[in-house]
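Structure first, then comments.
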Amino acid sequence: MNRLVIVSNRVADLRATTQTGGLAVGLADALKERGGVWFGWNGEPDGVTGGEPQVEMIDKVKRVAAPLSPEDVADYYFGYANSVLWPLFHYRLDLVDYRPAFFASYSHVNEAFARQLLPFLEDDDLIWVHDYHLIPLAGYLRKLGCRQRIGFFLHIPFPPPDLLAASPNHEELVEALLDYDVVGFQSHTDAANLKLYLAEHNPVDQVDETRFRFKGRTVLIDRFPIGIDAAGFAAMAREADEDVEIDLIRQRVLGRRQVIGVDRLDYSKGLPERFKAFGQLLEQHPEMEKAVSFLQIAPPTREEVDAYSDIRTELETLSGSINGRFADFNWTPIRYIHRSVSRRKLAPLFRGSHVGFITPLRDGMNLVAKEYVAAQDPEDPGVLVLSKFAGAAEEMQDALIVNPYDTDDMARQLHIALTMPLEERRRRHATLFEHVVRQDARAWLESFLAALNGSSAKPVAAERPYRPTG
Ligand code: GDG
């Protein structure tokens with residue numbers, strides 16, 4: 001079995017992966033099994049780019065944590081990655097803040113990472129690079145003579161050619177992707193967008209549906225939908241801490257239903273539209289007053305970027321005005337928590353909620369949708385209301401699929417979810433659950449590594465033909 005080298009923007013804390021969720025656990029397990037390296041930024045804003053990385057051996061795994069300078073944290077991380085690529089890839093050209101210094105820093109950091117990673121590589125390693133921060137990494141590694149197989153997985157969406165072409169660096173970005181042996185996306189839509197771009201802009205030969213020849217090499221472009229540790233999350237959901245248990249009992253005694261949303265506070269997650277839809281539900285169905293409450297957990301991220309402080313202010317205003325209008329001394333319609341809640345509490349909160357309300361405007365996959373399904377009691381499950389623009393919607397057609405821009409539609413579907421008969425809830429949940437268990441974190445990992453190893457070009461198939469959702 002080949003050694004595995006994982007590269008991600010931030011190196012994971014390999015000693016505390018139980019708290020960070022299925023992805024880090026799955027990747028860490030694969031590393032521990034095969035042995036290898038996890039390389040990434042140490043997360044501190046005050047180092048020297050290219051400076052001596054900190055190396056720690058944890059079982060058979062080397063954790064290599066590289067420093068970055070304050071200027072590169074500002075221009076590479078908050079700049080090019082999160083003020084250009086993140087909005088662009090989420091179809092938000094209006095929020096792109098393009099500055100030439102950002103791209104220069106992005107290239108400089110990727111080149112520095114390639115140089116720092118090189119001495120840790122062995123001939124037969126499989127190198128797996130994660131996400132939009134590191135698109136040019138393979139190119140720099142190749143320039144340094146690296147011949148190992150290198151795969152790239154994009155966790156976020158990939159935009160259609162016309163949107164991508166609005167970025168001044170679109171040609172460099174796509175050529176950089178073609179330096180990999182495998183380019184993996186979350187959904188059919190994302191993989192199709194890159195193929196469309198290639199058909200329009202690049203001199204590549206298409207060998208078959210997934211393989212392309214470029215500069216004498218073959219690149220595999222396919223979808224590898226990410227999953228969660230479904231069994232682990234389901235088990236966690238059955239064990240509620242005392243404070244969560246008391247809150248859930250209180251809701252039951254009062255005969256109240258709970259709608260839940262959990263998202264990093266990000267403009268891609270469609271939170272204002274979701275709050276408005278909940279307000280509309282209360283307006284259109286007065287019988288729902290005091291009978292339902294909405295718990296939205298939205299921990300802060302990337303607050304240094306302006307667009308994130310704007311969304312925070314907007315949400316505070318919206319929740320305040322909806323609560324001001326509908327609340328009573330003994331009922332708060334929206335409970336909005338702008339802090340992180342531990343995973344051990346999240347899982348039983350999902351289980352105790354009648355609706356999972358997950359409505360991003362655009363999302364690579366959305367793991368919360370899968371976690372909500374995994375957490376349910378199969379005998380009395382809640383209903384998933386899911387945006388058609390989440391990658392998860394391609395696989396989770398038994399959810400109530402909504403258009404996140406259409407607040408009327410969302411309010412309507414929310415009402416259907418809250419009043420859905422038990423039999424239909426069970427039927428929908430059984431199909432969703434079966435899928436979430438089968439297409440779990442392990443299956444995702446194995447299918448990507450098989451493709452990278454060249455032993456299989458096929459990711460795990462969806463259980464039924466894909467129907468585009470728009
Ligand atoms: C990117 C892509 C893709 C959230 N709040 C808390 C908390 N969380 C956990 C959730 C879930 C994870 O964070 C969020 O994952 P998502 O998939 O929903 O979204 P992104 O963070 O945007 O992730 C996304 C993903 O990468 C994987 O490829 O699905 O499309 O954007 O696990 O439960 N966890 C804790 N407290 C919180 O308050 N403990």
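As the structure is a computational prediction, the values presented were derived from the model and not from experiment. Counting convention: from 1, in listed order, for ligands and their atoms alike.
Comparing K345, R343, H155 against atom 27 (C) of ligand 1, the shortest heavy-atom distance belongs to H155. Here the shortest heavy-atom distance to atom 31 (O) of ligand 1, taken over D266, D363, I337, I358, belongs to D363.
Using a 4.0 Å cut-off between charged side-chain N and carboxylate O, R302 and D266 make a salt bridge.
At least one donor-acceptor pair closer than 3.5 Å links the side chain of Q296 to the backbone N or O of G261. Under the 3.5 Å distance criterion, the side-chain polar atoms of H429 are left unmatched by any main-chain donor or acceptor of R425. Side chain of R362 to main chain of P157: no donor-acceptor pair is present (N/O by atom type, distance under 3.5 Å, no hydrogens or angles).
When only interatomic distances are considered, the shortest N/O to N/O separation between N366 and ligand 1 falls below 3.5 Å. Not a single N or O atom of H90, backbone or side chain, sits closer than 3.5 Å to an N or O atom of ligand 1. Considering backbone and side-chain atoms alike, F153 places every N or O at 3.5 Å or more from each N or O of ligand 1. The shortest N/O to N/O separation between L346 and ligand 1 does not fall below 3.5 Å. Of the polar atoms of P299, none of the N or O atoms is found under 3.5 Å from an N or O of ligand 1, judged by distance alone. Taking only nitrogen or oxygen atoms, main chain and side chain alike, R264 reaches within less than 3.5 Å of ligand 1. Not one N or O of D263 is nearer than 3.5 Å to an N or O of ligand 1, by distance alone. In terms of N/O distances under 3.5 Å, ligand 1 is approached by G364.
Near S342, meaning under 4.0 Å from one of its heavy atoms, ligand 1 places the atoms 39 (N). Proximity to I297 (heavy-atom distance under 4.0 Å) selects the following atoms of ligand 1: 38 (O). The contact set between ligand 1 and I226, taken as ligand atoms under 4.0 Å from a residue heavy atom, comprises 27 (C), 28 (O). Counting the atoms of ligand 1 from 1 in the order shown, those under 4.0 Å from a heavy atom of S340 are 36 (N), 37 (C), 38 (O).
Heavy-atom separations between W86 and ligand 1 include at least one value shorter than 4.0 Å.
Crowding of E239 atom CD: a count of heavy atoms from other residues, nucleotides or ligands under 6.0 Å not exceeding 12. Environment of CG in D377: crowded, with over 12 heavy atoms of neighbouring residues, nucleotides or ligands closer than 6.0 Å.
Ring centroid separation for the pair Y140 and F113 does not come in under the 6.0 Å cut-off.
At a 4.0 Å heavy-atom cut-off, ligand 1 does not touch A298 at all. Counting heavy atoms closer than 4.0 Å to ligand 1, residue K269 contributes side-chain atoms (C-beta onward) but none from N, CA, C or O. Contact annotation for L367 and ligand 1: heavy atoms of both the backbone and the side chain come within less than 4.0 Å of the ligand.
Every residue meeting the salt bridge (charged side-chain N to carboxylate O under 4.0 Å, His left out) condition with R3, not counting sequence neighbours, appears here in chain and number order: E122, D125.
Note that R10 lies in the cation-pi zone of Y77, set by a 6.0 Å cut-off to the ring centre and a 45° limit from the axis.
Side-chain contact annotation: Y308 with N82, donor-acceptor N/O pair under 3.5 Å absent.
Considering every non-hydrogen atom in both D131 and F152, the closest pair reads O-CE1, 3.1 Å.
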